[in-house]
Amino acid sequence: MNLLKDKRILIGITGGIAAYKVPEIIRRLQKKGAFVTVVLTNSGAKFVSTLTLSVLTNNRIYTGLFTGELPHIEQGRETDIIVVIPATYDFIGKISSGVADDLLSTLIPAADKKTIFFPSMNVRMFKNRILQSNIATLKKCGYTVIYPEEGELACGDVGLGRLPDYETTVAIIERELGDGYFEGKKVVVSVGGTEENIDPVRVISNRSSGRMGVEIGKAFWLRGAEVTLVVGRTNINIPDYLNIRVAKTVGRMYEILKKEIKSADILIMSAAVSDFIPLSPHKTKIKLRGEVTIKMKRGTDILKSLSKNKGNKIFVGFALEDRDLVKNGRKKLRGKGCDIIVANSINSIDSNSISGYIINKKGEEPFNLLKEEFAWKLTESVEQLIT
Ligand SMILES: Cc1cc2nc3c(=O)[nH]c(=O)nc-3n(C[C@H](O)[C@H](O)[C@H](O)COP(=O)(O)O)c2cc1C
């Protein structure tokens with residue numbers, strides 16, 4: 001699901017050095033189908049040119065309040081969301097104290113639309129108590145304020161003050177346009193394959209890419225959840241906005257999940273956890289002299305073990321099957337004590353798409369979708385269990 005498609009976004013640019021990043025953010029929003037309008041403060045115009053912005057948006061750039069029209073009313077009326085990026089110390093002070101002395105600061109109270117502020121400034125300015133009190137006022141009044149990240153700042157200082165990276169910034173805007181259904185819920189997703197040592201050099205693993213788990217994490221996050229991924233072996237890029245715990249082996253994954261699940265509401269076990277693990281890994285590299293026999297033992301059945309203390313949490317398991325998907329899936333639904341089993345066919349592994357059945361106590365539903373689409377569908381299946 002693309003929550004940015006056909007959405008009208010008003011970007012307010014104020015006079016911070018991070019304004020140079022905004023053209024790239026606009027481009028990314030447009031690529032996802034959003035229509036962008038820009039309002040610049042006078043100081044904002046010193047950092048990024050109206051020419052660049054008007055070419056990029058194919059639109060007039062609004063700066064002045066006294067133009068003979070009513071831009072502060074019209075532009076606000078036409079938009080789905082207002083995003084102030086970067087939001088300066090000065091501008092946050094203005095809005096929080098009700099000053100409306102230029103187009104952007106007049107438009108925001110007149111529009112009464114969902115508004116996100118992305119503060120960005122020197123670390124001491126950010127920690128200043130007046131700013132912190134102004135941010136608290138904005139939040140109290142229902143505005144969203146996104147805390148800056150820590151790192152090297154344009155002024156040479158190191159600390160809080162940077163904008164989030166491009167991908168995260170766009171995702172935050174997208175999330176604000178969503179329904180926030182899972183707000184206040186914590187979702188834990190296991191991701192990728194596990195790997196077990198045969199010796200210090202070789203491992204036994206599987207072909208799971210981790211794509212499904214990452215997409216599930218993104219979809220629940222976009223619908224408002226706090227998401228933690230417990231990640232085994234994966235080569236998929238994980239966005240900054242998802243929390244990550246690394247767990248390469250079955251044992252480690254079980255340990256971490258046991259801890260994470262305590263504060264979670266929903267568990268999605270999408271990782272391909274090794275069913276067999278070497279009985280006793282060699283301490284030194286195995287010398288190849290003819291045939292080698294590796295004795296294996298059964299790895300922990302994580303889902304079954306965790307479901308003993310499930311309570312009223314929602315558990316979703318994945319079952320990769322090469323035949324009898326519904327029959328085997330149903331058996332696992334009962335045997336592992338979960339609420340949903342996603343029985344998926346063997347060609348879903350290491351692929352962009354997934355096919356199979358969503359099985360719950362009431363019945364089953366077939367699907368054949370891109371993993372990104374399926375992740376969204378899974379959020380809806382979980383929603384149906386809650387409501
Ligand atoms: C080179 C330069 C860089 C600046 N960078 C920032 C910044 O990153 N964040 C900030 O809050 N203010 C910054 N300022 C100060 C603002 O531009 C100044 O407070 C201005 O009045 C803000 O106007 P506006 O809020 O109407 O856009 C900077 C000023 C200069 C000269």
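Atoms within a ligand are numbered from 1 in the order they appear, just like the ligands themselves. Treat the numbers as computed from the prediction; the structure is a model and nothing was measured.
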Practice task
Quick one: do K327 and E321 satisfy salt bridge (charged side-chain N to carboxylate O under 4.0 Å, His left out)? Show the steps, please.
Solution key: CA-CA 10 Å; K327 196 172 132 209; E321 303 285 349; over 6 Å; no

Practice task
Could you walk me through whether T115 and T144 pass the side-chain contact (heavy atoms from CB on, under 4.5 Å) test, one step at a time?
Solution key: CA-CA 6 Å; T115 304; T144 303; over 6 Å; no

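Close contacts between ligand 1 and S120 involve ligand atoms 7 (C), 8 (O), 9 (N), 10 (C), 11 (O) [criterion: under 4.0 Å to a heavy atom]. Each of the following atoms of ligand 1 lies closer than 4.0 Å to a heavy atom of T14: 27 (O). Taking every non-hydrogen atom of G16 and a distance limit under 4.0 Å, the qualifying atoms of ligand 1 come out as 5 (N), 6 (C), 7 (C), 8 (O), 9 (N). Near T41, with a cut-off below 4.0 Å to any heavy atom, the atoms of ligand 1 are 24 (P), 26 (O), 27 (O). Near M121, meaning under 4.0 Å from any of its heavy atoms, are these atoms of ligand 1: 8 (O), 9 (N), 10 (C), 11 (O).
The pair K185-E226 does not meet the salt-bridge criterion, since no charged nitrogen lies less than 4.0 angstrom from a carboxylate oxygen. Between K113 and D80 no salt bridge is recorded (no basic side-chain N to carboxylate O distance below 4.0 Å). Salt-bridge annotation for E24 and K21: absent, with no side-chain N of the basic residue lying under 4.0 Å from a carboxylate O of the acidic one.
Side-chain N/O atoms of S49 and T52 include a donor and acceptor closer than 3.5 Å.
Here atom 30 (C) of ligand 1 lies nearest to F47 when heavy atoms of F91, F47, F126 are compared. Between atom 20 (C) of ligand 1 and the options P86, G93, S43, G161, the minimum heavy-atom separation is to S43.
Protein heavy atom at the shortest distance from atom 5 (N) of ligand 1 is I17 N, 3.4 Å. With respect to atom 15 (C) of ligand 1, the closest heavy atom belonging to the protein is G15 O, 4.0 Å. The protein heavy atom nearest to atom 11 (O) of ligand 1 is Y89 N, 2.8 Å. Nearest non-hydrogen protein atom to atom 24 (P) of ligand 1 is D90 OD2, 3.4 Å.
Look at A18 and you'll find every heavy atom at least 4.0 Å from all atoms of ligand 1.
Within a 4.0 Å radius of atom 13 (C) of ligand 1, the protein contributes at least one heavy atom.
Ring planes of F91 and F117: tilted class, angle from 30 to 60°.
Counting heavy atoms closer than 4.0 Å to ligand 1, residue T88 contributes atoms from both its backbone and its side chain.
Sorted by first then second residue, the ring-ring contact (aromatic ring centres under 6.0 Å, His included) pairs that include residues 266-314, not counting sequence neighbours, number zero.
Distance CD1/I25 to CD1/I9: 11.0 Å, rounded to 0.5 Å.
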